[in-house]
Enquirer: 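Questions regarding the structure given below will be posed in turn.
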Protein chains: 2
Amino acid sequence: MKNKIQLTVDAVVFGYESGNISVLLVRRKYKPYKDAWALPGGFVLEKENLEEAVQRELSEETGVKINYLEQLYTFGDVGRDPRCRVVSVAYFGLVKPNAFKLSASTDAKEAQWFNIQKLPKLAFDHKKILKIAIERLQSKITYEPIGFELLDKKFPFSDLEKLYTTLLNRDIDRRNFKKKITSLKVLDELDEKVSFGPGRPASLFSFNKKRYFQLKKEGIIFEI
Amino acid sequence: MKNKIQLTVDAVVFGYESGNISVLLVRRKYKPYKDAWALPGGFVLEKENLEEAVQRELSEETGVKINYLEQLYTFGDVGRDPRCRVVSVAYFGLVKPNAFKLSASTDAKEAQWFNIQKLPKLAFDHKKILKIAIERLQSKITYEPIGFELLDKKFPFSDLEKLYTTLLNRDIDRRNFKKKITSLKVLDELDEKVSFGPGRPASLFSFNKKRYFQLKKEGIIFEI
DNA sequence: TTCATATGCGTAGATATAACACAAATATAC
DNA sequence: GTATATTTGTGTTATATCTACGCATATGAA
């Protein structure tokens, strides 16, 4: 045994619904930072991979099922945990709106979605982790079609547009955006239409993941 | 003590000279993989940050001084080390040609530069780590001016061009490339000229890091 | 029936990219 | 000393992409 460093994983899970980006937080049950809000996560077991550890912790603490997960960064500064040296591998996840609702089995007091504009005080260095995760999300949606992981399977085009304006925090020209996305050939237009309130009904689209990978293999890159 | 997971750091350090990209490797002294080549690295001490650990290990094992270092990825699969569970935070570094020469103090048999086209068999999962590092290097030089970290302080423009053709493994139109770089306004043309063999002497340039950060703050982004 | 609202499609000017040709300054061979 | 090969250095044009708009269409509500 060479060292006494402890290894944990933390997950920054984003959800999106009608113009709001939220992040999943859990309330800490024990010291330190007892009762404070924190990112879901915990110690890695000796016989499980890092991703497995994240999925297990998320499932135990929140019941949320992730459909996109990638490693974000590893935070290992001395003193980030007052108890002892703890190095944490942070992950970055996205969930679709249906998983966005917390399962009834979880105590709503213990796991909750927070709008990223209205965050509570966070335990440890989780504020810093979250900040980096948001930057990653913002930059990544411009060159990888991960935005679709935040939408329903079928969605009107305006949902996609609104997602991008919200995430990138700037206006997007609807017509140019549509042209751009259309030229990437990753959307299937369905026959179905939906209508909310006044205005012309919108066609529903679905993201064609298969075609995306095919195009990617041919060197056609996604970029907004 | 919750677990027995060991934490290490590994460094993928790239050097460049006259059309050759090399990576720094060390020969292992102990089992497992005794005498095999591996990435420099080792166990993280309880009281040092991750970056400090990388710098210390690099200094101990190779004597090379790094001028650019960033975290690459954390490798934590079960079974990547036959002895026990070892999670390794890999870093990615670049050195200038002067540091490229291994210091006389180091035993050349123990630390060596290898052309990335002519690699020996590597210990552990270091081949995988190196592959990811190369991909990162290739993608990163297109949107961050890290290429300059691989060149001398003063360099002819053709050096920069050759670096890019080598790293990206494709031809670049010299005139368009020059226009692009010039428009970014991050190069200072010096009065000095150099001449190797036949051909018109070349002006020397230097990278203006200060101006780069200034432009970045104004939202002007580097992109090749 | 009129109005407000949201979707859907097209066009023109500006900007950036890609392709390409030739002049200038040196070392070397003769 | 002259011709030749070699390398650096710059400009121009066609093409593609991006940006900024205008207007028609289909609905709910007044």
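Numbers restart at 1 for each chain; the letters A, B, ... are given by sequence-line order, proteins then strands. Predicted model, so just to flag it, every value in this text is computed and none were measured.
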Enquirer: To the nearest Å, how far apart are B:Phe177 CZ and C:dA16 C1'?
Expert: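 About 17 Å, once rounded to whole Å.
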
Enquirer: Find which nucleotide of DNA chain D each of B:Glu161 and B:Asp173 is nearest to by heavy atoms, and output the residue with the more 5' nucleotide.
Expert: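 The answer here is B:Glu161.
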
Enquirer: Could you check which of D:dT27, C:dT7, C:dT17 has an atom nearest any side-chain atom of A:Pro201?
Expert: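 Output: D:dT27.
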
Enquirer: Would you mind reading off the distance between A:Lys178 atom NZ and D:dC23 atom P, rounded to a whole angstrom?
Expert: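 The answer, rounded to whole Å, is 20 Å.
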
Enquirer: Using a strict cut-off of less than 4.0 Å between a Lys/Arg side-chain nitrogen and an Asp/Glu carboxylate oxygen, indicate whether A:Lys180 and A:Glu223 qualify as a salt bridge.
Expert: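 Salt bridge between A:Lys180 and A:Glu223, a charged N being under 4.0 Å from a carboxylate O: no.
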
Enquirer: Side-chain donor-acceptor pair under 3.5 Å between A:Tyr212 and A:Gln214, yes or no?
Expert: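 No.
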
Enquirer: Within 45 degrees of the axis of the six-membered ring of A:Phe157 and under 6.0 Å from its centre: does A:Lys178 put its NZ or CZ there?
Expert: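 Yes, cation above the ring, under 6.0 Å and within 45°.
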
Enquirer: Tell me the interatomic distance from A:Lys193, atom NZ, to C:dA6, atom C1', rounded to whole angstroms.
Expert: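 From A:Lys193 NZ to C:dA6 C1': 13 Å.
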
Enquirer: Given C:dA27, D:dG9, C:dA25, which nucleotide is nearest the side-chain atoms of B:Pro198?
Expert: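 For B:Pro198, the side-chain atoms sit closest to C:dA27.
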
Enquirer: Tell me whether the OP1 or OP2 atom of C:dA6 has a side-chain N or O from A:Ser195 closer than 4.0 Å.
Expert: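 No.
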
Enquirer: Quick one: B:Ile224 CD1 to C:dT17 P, roughly how many Å, whole number?
Expert: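 Distance, rounded to whole Å: 10 Å.
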
Enquirer: Rounded to whole angstrom units, what separation is found between the NZ atom of A:Lys180 and the P atom of D:dA20?
Expert: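 Result: 14 Å.
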
Enquirer: Measure from the side chain of A:Arg200, starting at C-beta and using heavy atoms only, and say which of C:dT5, C:dA18, D:dA26 lies closest.
Expert: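 Of the candidates, D:dA26 comes closest.
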
Enquirer: Calculate the interatomic distance between A:Glu189 atom CD and C:dC9 atom P; express it in whole Å.
Expert: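 It works out to 7 Å between those atoms.
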
Enquirer: Check whether any side-chain nitrogen or oxygen of B:Ser203 sits under 4.0 Å from OP1 or OP2 of D:dT8, and answer yes or no.
Expert: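 Indeed not, no polar side-chain atom of B:Ser203 lies that close.
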
Enquirer: Applying a 4.0 Å non-hydrogen cut-off, can you work out what B:Lys179 is touching in the nucleic acid: base, sugar-phosphate, or nothing?
Expert: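 Answer is base: heavy atoms of B:Lys179 come under 4.0 Å of a base.
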
Enquirer: Please determine whether the number of non-hydrogen atoms from other residues, nucleotides or ligands lying under 6.0 Å from atom NZ of B:Lys162 exceeds 12.
Expert: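 Not buried by this count: 12 neighbours or fewer within 6.0 Å.
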
Enquirer: To the nearest Å, give me how far apart CG (B:Asp159) and C1' (D:dT8) are.
Expert: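 Rounded to the whole Å, the gap is 13 Å.
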
Enquirer: Which one, D:dT27, C:dC20, D:dA20, comes nearest to the side chain of A:Asn176?
Expert: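 Nearest nucleotide to the side chain: D:dA20.
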
Enquirer: From the options B:Glu192, B:Lys193, B:Lys154, select the one residue that forms a side-chain hydrogen bond (donor to acceptor under 3.5 Å, both in side chains) with B:Ser203.
Expert: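 The option that passes is B:Lys193.
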
Enquirer: Select from A:Phe196 and B:Phe157 the residue whose nearest nucleotide in DNA chain D is closer to the 5' end of that strand.
Expert: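 Its nearest nucleotide being more 5', the pick is B:Phe157.
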
Enquirer: Looking only at N and O atoms, is any donor in the side chain of B:Arg175 or the base of C:dA18 less than 3.5 Å from an acceptor on the other one?
Expert: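 Checked by distance alone, the answer is no.
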
Enquirer: Side chain of B:Arg174 only, please: which of D:dT8, D:dG22, C:dG8 is the nearest?
Expert: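 The answer is D:dT8, which lies nearest to the side chain.
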
Enquirer: Taking the minimum atom-to-atom distance to the side chain of A:Ser158, which one of C:dA19, D:dA20, C:dT7 wins?
Expert: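 Looking only at heavy atoms from C-beta outward on A:Ser158, the closest nucleotide is C:dT7.
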
Enquirer: Between C:dT17 atom P and B:Ile172 atom CD1, what is the distance in whole Å?
Expert: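 My rounded result for the distance is 14 Å.
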
